[in-house]
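Report on the structure given below.
Because the structure is a prediction, the values reported are computed rather than measured.
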Protein chains: 2
Amino acid sequence: MPPTIPHLSALDTGCPHMRLLVEHVTSKWGLLVLLQLDGRTLRWSELKRAIPGVSEKMLIQTLQTLEADGLVLRAARPVVPPHVEYSLTDAGHDAAALLAPLALWAQDRVREG
Amino acid sequence: MPPTIPHLSALDTGCPHMRLLVEHVTSKWGLLVLLQLDGRTLRWSELKRAIPGVSEKMLIQTLQTLEADGLVLRAARPVVPPHVEYSLTDAGHDAAALLAPLALWAQDRVREG
DNA sequence: CCGCATCCTATCGGATACTG
DNA sequence: CAGTATCCGATAGGATGCGG
């Protein structure tokens with residue numbers, strides 16, 4: 001079986017920065033947030049409802065991490081009560097596009113076995 | 001921006017089994033093992049040398065997890081001293097094929113920012 | 001050469017309560 | 001509504017030493 005990429009020539013598999021970013025987007029809630037925001041904009045409360053089981057702490061923390069990574073866009077309107085919308089940046093959409101097939105593959109595999 | 005997949009219709013984003021498998025293949029050492037074994041067979045000691053910084057405990061543990069998931073194949077020849085070879089199953093190769101682009105994307109992103 | 005067992009610590013992540 | 005603050009248990013993962 002041939003390798004998927006021209007073997008490791010283009011990839012520094014040990015790079016810690018790359019690892020960190022991968023950890024962020026594949027983390028328990030990071031993955032769900034990116035998939036939920038793929039192709040649409042959601043308010044904080046909508047996002048929370050769309051991801052059953054997530055705690056407020058983890059949702060905020062995950063969103064802040066992904067925002068710092070430049071994957072998630074936070075748009076706050078200064079009204080009362082507060083109105084905050086989350087969406088994906090172009091880079092975030094790229095990430096979602098890479099993660100969706102991975103999630104689908106994993107789901108298909110566990111359905112059989 | 002249109003969604004990457006026909007929105008969440010085919011994907012149960014909350015499925016714990018799917019999550020677990022994703023965690024395994026994207027884990028700190030799981031990712032590196034799959035990429036290193038992509039397209040070639042390595043002995044345990046070779047694999048350890050190919051992944052700088054990995055402890056024996058984590059390497060074994062990771063390999064056993066991936067083997068239990070049906071992604072890694074362990075072939076032990078009953079000689080002394082022991083000779084054990086690791087390679088990818090077809091499913092493991094599929095996983096590597098999905099992970100390599102993700103790793104490359106992450107690497108390209110951290111190089112800029 | 002390959003792997004198991006034990007200890008130890010840092011971090012992840014859940015529960016709860018409080019604020020502008 | 002959209003967070004912040006604090007506590008606390010579980011686990012990931014590193015260090016070390018032993019065994020066939």
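- The hydrophobic cluster containing Val25(A) does not contain Leu73(A), counting ILVMFWY residues as joined when their side-chain heavy atoms lie under 4.5 angstrom apart, directly or transitively.
- One can place CD of Glu85(B) at 14 Å from C1' of dC2(C), the figure rounded to the nearest angstrom.
- In this structure, the salt bridge (Lys or Arg N to Asp or Glu O under 4.0 Å) partners of Glu23(B), at least two apart in sequence or on a different chain, are Arg19(B).
- With sequence neighbours excluded, no residue satisfies side-chain hydrogen bond (donor to acceptor under 3.5 Å, both in side chains) with Arg111(B).
- Screening residues 91-103 of chain A for salt bridge (charged side-chain N to carboxylate O under 4.0 Å, His left out) gives no qualifying pairs among residues at least two apart or on separate chains.
- The separation between Arg74(B) atom CZ and dC1(C) atom C1' is 12 Å, rounded to whole Å.
- A salt bridge (charged side-chain N to carboxylate O under 4.0 Å, His left out) check over residues 77-86 of chain B, counting only residues at least two apart or in different chains, returns nothing.
- Using a 4.0 Å heavy-atom criterion, one finds that Gln64(A) contacts the sugar-phosphate atoms exclusively.
- Put simply, NE2 on His83(A) is 11 Å from C1' on dA2(D), counting in whole angstrom units.
- Rounded to whole Å, atom P of dC4(C) lies 11 Å from atom CG of Leu59(B).
- Residue Arg43(A) places no side-chain N or O under 4.0 Å from the OP1 or OP2 atom of dC1(D).
- When rounded to the nearest whole Å, the span between CD1 of Ile60(B) and P of dC1(C) equals 13 Å.
- When rounded to the nearest whole Å, the span between CG of Leu47(A) and C1' of dC1(D) equals 14 Å.
- Sorted by first and then second residue, the salt bridge (charged side-chain N to carboxylate O under 4.0 Å, His left out) pairs involving residues 60-76 of chain A (not counting sequence neighbours) form an empty list.
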Fill in the blank from the handout: Protein-proximity profile, nucleotides 7-20 of chain C, B/S/- by nucleotide at the 4.0 Å heavy-atom cutoff, equals B-----BBB-B--B

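- Here Tyr86(B) does not reach the OP1 or OP2 of dC1(C): none of its side-chain N or O atoms lies under 4.0 Å away.
- Applying the 4.0 Å criterion to OP1 and OP2 of dC2(C), one finds that Arg49(B) has every side-chain N and O outside that range.
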